[in-house]
Amino acid sequence: MKDFTLGLALLDVCPVIFFGISMLIIASKFNSLLFFIGASLSFCAGLGKVLWKLLWALCKKDVRILSNQLKYTMSVGFICMIASLFIEKVNVVLILLSFWKLPSAIFFFTGIVGMCLMGYMGKTYSRTDDKANWIEEMINTIAQLCFLIGIILF
């Protein structure tokens, strides 16, 4: 990322904050320590990646562990969150069906489309393509904001 800018690094803070707030809301309603640990790990993974981008943009320091940890830490976090649903014997089908009630369904659907677009962009565009990075960050920000709004309305 030769031209990774401070603006792009700062934009990346937004979806991490939106995700963190979403997970706090869910964790407060779900009351599962394992879910909270998983959400915290995933949130910290995002913060680590943001810190890596900020260090790169401000100092041109490539602290690789902050970037590389994301795939491992976030994966473990999501595994913990999913496992907590089964350990706590949550009726996942009922929750999934509840997501599709208006108006929250519009926001959840938009968030899912955004995540799919990010996956497509990640496989299609180069990580060094500045325009693609900006588009991907904007999509991530909008998707995480939509998930947050959907959770608040849920």
| field | Modelled atom types, side-chain donor and acceptor of W52 and D62, under 3.5 Å | value | yes
| In Å, rounded to the nearest 0.5 Å, how long is the span from OG1 of T73 to CG of L47? | 11.5 Å
| query | Are any of the side-chain heavy atoms of F147 and M115 separated by less than 4.5 Å? | reply | yes
| Hey, what do you get for CG (D130) to CD1 (I135), rounding to the nearest 0.5 Å? | 11.0 Å
| Should F43 and Y72 be regarded as members of a common hydrophobic cluster, given that ILVMFWY residues are connected when their side-chain heavy atoms come within less than 4.5 Å of each other, either directly or indirectly? | no
| field | Minimum heavy-atom distance G111-C146, with the two atoms named | value | N-CB, 4.0 Å
| said: When you measure from the side chain of S104 to the backbone of K101, do you find a donor-acceptor pair of N or O atoms at a distance under 3.5 Å? | reply: yes
| request: Ignoring hydrogens and angles, tell me if any N or O in the side chain of S28 forms a donor-acceptor pair with the backbone of I25 under 3.5 Å. | output: yes
| query | In Å and rounded to the nearest 0.5 Å, what is the SG to CG distance from C80 to L34? | reply | 5.0 Å
| Atom CG in N140, atom CE in M118: separation rounded to 0.5 Å? | 3.5 Å
| Min side-chain heavy-atom separation L66-V63 under 4.5 Å | yes
| For atom CG of N91, is the number of surrounding heavy atoms from other residues, nucleotides or ligands below 6.0 Å larger than 12? | yes
| Would you find a donor on one side and an acceptor on the other, under 3.5 Å apart, between the side chain of Q144 and the backbone of T141? | no
| request: Using a 4.5 Å cut-off on heavy atoms from C-beta on, say whether the side chain of S67 contacts that of W56. | output: no
| task | Indicate yes or no: at least one non-hydrogen side-chain atom of K53 is less than 4.5 angstrom from one of L8. | result | no
| request: Taking the side chain as every heavy atom from C-beta outward, state whether L41 and M74 have any atom pair closer than 4.5 Å. | output: no
| message | Tell me if a side-chain donor or acceptor on N133 pairs with a main-chain N or O of D129 at a distance below 3.5 Å. | response | yes
| query | Between E88 and F35, is any pair of side-chain heavy atoms under 4.5 Å apart? | reply | no
| Distance, nearest 0.5 Å, that separates CD1 of I26 from CD1 of I21 | 12.5 Å
| field | Nearest atoms (heavy-atom pairs only) where M81 meets G38 | value | CG-C, 3.8 Å
| Is any side-chain heavy atom of F78 less than 4.5 Å from a side-chain heavy atom of S42? | yes
| query | Between L70 and G46, what is the shortest heavy-atom contact and its length? | reply | CD1-N, 3.9 Å
| CG on L145 to OG on S22, rounded to 0.5 Å | 8.5 Å
| field | Atom CD1 of I65 with >12 non-hydrogen neighbours under 6.0 angstrom | value | no
| message | Please say yes or no: joined through hydrophobic side-chain contacts below 4.5 Å, possibly via intermediate residues, are I151 and F109 part of one cluster? | response | yes
| said: Count I, L, V, M, F, W, Y as connected when their side-chain heavy atoms are under 4.5 Å apart, and connections chain through other members. Are V13 and L6 then in the same cluster? | reply: yes
| said: Give me the atom names and distance for the closest heavy-atom approach of D12 to V16. | reply: O-CG2, 3.5 Å
| said: According to a hydrophobic-cluster definition based on side-chain heavy atoms being under 4.5 Å apart (Ile, Leu, Val, Met, Phe, Trp, Tyr only), do I112 and I149 belong together? | reply: yes
| request: Please examine the side chains of K131 and W134, heavy atoms only from C-beta on, and report whether any two atoms are closer than 4.5 Å. | output: no
| task | Can you establish whether the number of heavy atoms outside F36 located under 6.0 Å from its atom CZ is more than 12? | result | no
| query | Is there a chain of hydrophobic side chains (I, L, V, M, F, W, Y, each step under 4.5 Å between heavy atoms) that links I82 to F30? | reply | no
